[in-house]
*Asks:* 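Dumping the structure here so I can ask a few things about it.
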Amino acid sequence: PNMELLFKGPNLRDFDFGFQFAPRNRQEAKRVLRIIRFFKQKMAVKKSPANLYLKAPNTWRLAYKRPSSQDHPFLNKFKECAMTSFTANFTPDGNYATFEDGVMTSYDITMAFSELDPIFANDYDNIPDNEIGF
C-alpha cells in the first residue's frame, strides 16, 4: 500500500541550459544575434497557411557530444524535447555596454526543455552497460 502512495505516475524530466556569449567583434556579435533569433523563432507556435489552425513549435533532440561527434557515453541521454522557455539577458554584467554599432558586448541565454515522453525501465535495454543512459 505504501508503494501506491509514493508512485504518482511517470514524470517528464525538465532541463535548463545556460550560455554566456561575449563576442569579440562585429562579425561574432551578428552571429550571436542569429543564434538568439533562431531559438526564439523555432520555439514559437506556427500558423497554418490559411491562418485557420495553429501548428506545434519545433521539437528538439538534445545530446552531449564528444569531439568526434559521437554521443558522450558518460553523460545522460535525452528523449525528444520541447523548448518551454528561452530568455536572453542583454546586460549580464550588470551594465549597459555596446560596440560602436550598438550591438551588446555580452549576452546570457537560458533555455528550458521538457521531455515529451517519460523514461521507462525498458528504455535502458538498448544502452550498453558501460554508459549512464537516461
Side-chain angles (χ1 to χ4, degrees):
N2 289 338
M3 289 290 271
E4 291 176 14
L5 288 174
L6 293 174
F7 181 72
K8 296 184 183 353
N11 294 330
L12 298 177
R13 299 184 303 171
D14 297 318
F15 300 95
D16 293 335
F17 298 96
F19 301 94
Q20 183 172 22
F21 295 105
R24 296 170 291 191
N25 55 46
R26 183 178 185 178
Q27 181 180 354
E28 286 184 4
K30 291 195 181 284
R31 190 170 298 132
V32 169
L33 294 176
R34 284 196 306 267
I35 290 168
I36 292 171
R37 180 187 170 117
F38 172 83
F39 284 112
K40 289 179 86 160
Q41 183 176 3
K42 299 302 180 185
M43 75 170 290
V45 175
K46 301 173 183 131
K47 293 191 285 186
S48 67
N51 291 330
L52 295 175
Y53 302 102
L54 296 177
K55 295 178 162 183
N58 288 32
T59 58
W60 307 85
R61 294 193 183 271
L62 306 177
Y64 294 110
K65 295 291 189 179
R66 299 195 55 171
S68 62
S69 294
Q70 296 174 329
D71 287 355
H72 200 298
F74 307 120
L75 294 172
N76 64 295
K77 295 183 182 306
F78 304 92
K79 287 193 169 186
E80 190 171 358
C81 295
M83 187 182 295
T84 56
S85 75
F86 179 93
T87 57
N89 181 358
F90 302 105
T91 57
D93 301 321
N95 61 339
Y96 178 82
T98 66
F99 290 110
E100 291 177 5
D101 63 353
V103 177
M104 304 306 291
T105 59
S106 184
Y107 300 86
D108 265 348
I109 65 170
T110 304
M111 298 177 282
F113 294 89
S114 182
E115 285 182 324
L116 300 175
D117 295 316
I119 304 298
F120 296 103
N122 62 342
D123 289 332
Y124 288 87
D125 292 346
N126 296 326
I127 298 175
D129 288 338
N130 62 342
E131 292 187 19
I132 290 178
F134 296 97

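Just so you know, these numbers use all the heavy atoms, side chains as well, and skip hydrogens, waters and symmetry mates.
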*Asks:* Examine Y53 and V45 and state if one hydrophobic cluster contains both, with Ile, Leu, Val, Met, Phe, Trp and Tyr joined whenever side-chain heavy atoms are less than 4.5 Å apart.
*Replies:* no
*Asks:* Taking NZ, NE, NH1 and NH2 as the nitrogens, is one of them in K77 or E131 under 4.0 Å from a carboxylate oxygen of the other?
*Replies:* yes
*Asks:* Any salt bridge (charged side-chain N to carboxylate O under 4.0 Å, His left out) pairs touching residues 102-129, not counting sequence neighbours?
*Replies:* R13-E115, K79-D123
*Asks:* Establish whether Y96 and L33 are linked, either directly or via other cluster members, by ILVMFWY side-chain heavy-atom contacts under 4.5 Å.
*Replies:* yes
*Asks:* What distance separates F21 CZ from S106 OG, expressed to the nearest 0.5 Å?
*Replies:* 10.0 Å
*Asks:* Hey, is the main chain of T91 close enough, under 3.5 Å, to the side chain of N89 for a donor-acceptor pair?
*Replies:* yes
*Asks:* Any idea which heavy atoms bring Y124 and G133 closest together, and the distance?
*Replies:* CE2-CA, 4.0 Å
*Asks:* Under the salt bridge (charged side-chain N to carboxylate O under 4.0 Å, His left out) definition, can you give me all pairs with a residue in residues 54-68, not counting sequence neighbours?
*Replies:* R61-E80, K65-D71
*Asks:* Is it true that, when you exclude K46 itself, more than 12 heavy atoms of the residues, nucleotides or ligands shown sit nearer than 6.0 Å to its NZ?
*Replies:* yes
*Asks:* Kindly say whether L52 contributes a backbone atom to a donor-acceptor pair with the side chain of S48 at under 3.5 angstrom?
*Replies:* yes
*Asks:* So does A112 get a backbone contact from the side chain of T84, meaning a donor-acceptor N/O pair under 3.5 Å?
*Replies:* yes
*Asks:* State, yes or no, whether a side-chain contact exists between F113 and L62 at a heavy-atom distance under 4.5 Å.
*Replies:* yes
*Asks:* Applying a strict under-4.5 Å side-chain criterion to I, L, V, M, F, W and Y, I'd like to know whether I119 and I127 cluster together.
*Replies:* yes
*Asks:* What distance separates C81 SG from D14 CG, expressed to the nearest 0.5 Å?
*Replies:* 9.0 Å
*Asks:* Considering only heavy atoms from C-beta outward, does the side chain of R26 approach that of D101 to under 4.5 Å?
*Replies:* yes
*Asks:* Kindly say whether the aromatic ring centers of W60 and F39 come within a distance under 6.0 Å.
*Replies:* yes
*Asks:* Just say parallel, tilted or perpendicular for the rings of Y64 and F78, cut-offs at 30° and 60°.
*Replies:* tilted
*Asks:* Could you tell me if the side chain of K40 sits less than 4.5 Å from the side chain of T87, heavy atoms only?
*Replies:* no
*Asks:* Which atom names give the shortest non-hydrogen contact between F74 and I132, and what distance separates them?
*Replies:* O-CD1, 2.9 Å
*Asks:* Using a 4.5 Å cut-off on heavy atoms from C-beta on, say whether the side chain of N76 contacts that of F134.
*Replies:* no
*Asks:* L116 and F17: same hydrophobic cluster, using ILVMFWY side-chain contacts below 4.5 Å?
*Replies:* no
*Asks:* For a quick test of reading the model, state the closest non-hydrogen atom pair linking P23 to F99 and the distance between them.
*Replies:* O-CZ, 3.2 Å
*Asks:* Locate the shortest heavy-atom distance separating L12 from P118; write the atom from each residue and the value.
*Replies:* CD2-N, 3.4 Å
*Asks:* Tell me, do S85 and M111 make a side-chain contact under 4.5 Å, heavy atoms counted?
*Replies:* no
*Asks:* What's the shortest heavy-atom distance between M104 and F90, and which atoms?
*Replies:* CE-O, 3.1 Å
*Asks:* Looking at side-chain heavy atoms only, is the closest gap between I35 and F19 below 4.5 Å?
*Replies:* no
*Asks:* Please evaluate residues I109 and I36 with respect to the criterion side chain to side chain contact (heavy atoms under 4.5 Å, CB included), reporting the C-alpha separation (whole Å), side-chain torsions for both, the decisive distance (0.1 Å), and the verdict.
*Replies:* CA-CA 8 Å; I109 65 170; I36 292 171; 3.9 Å; yes
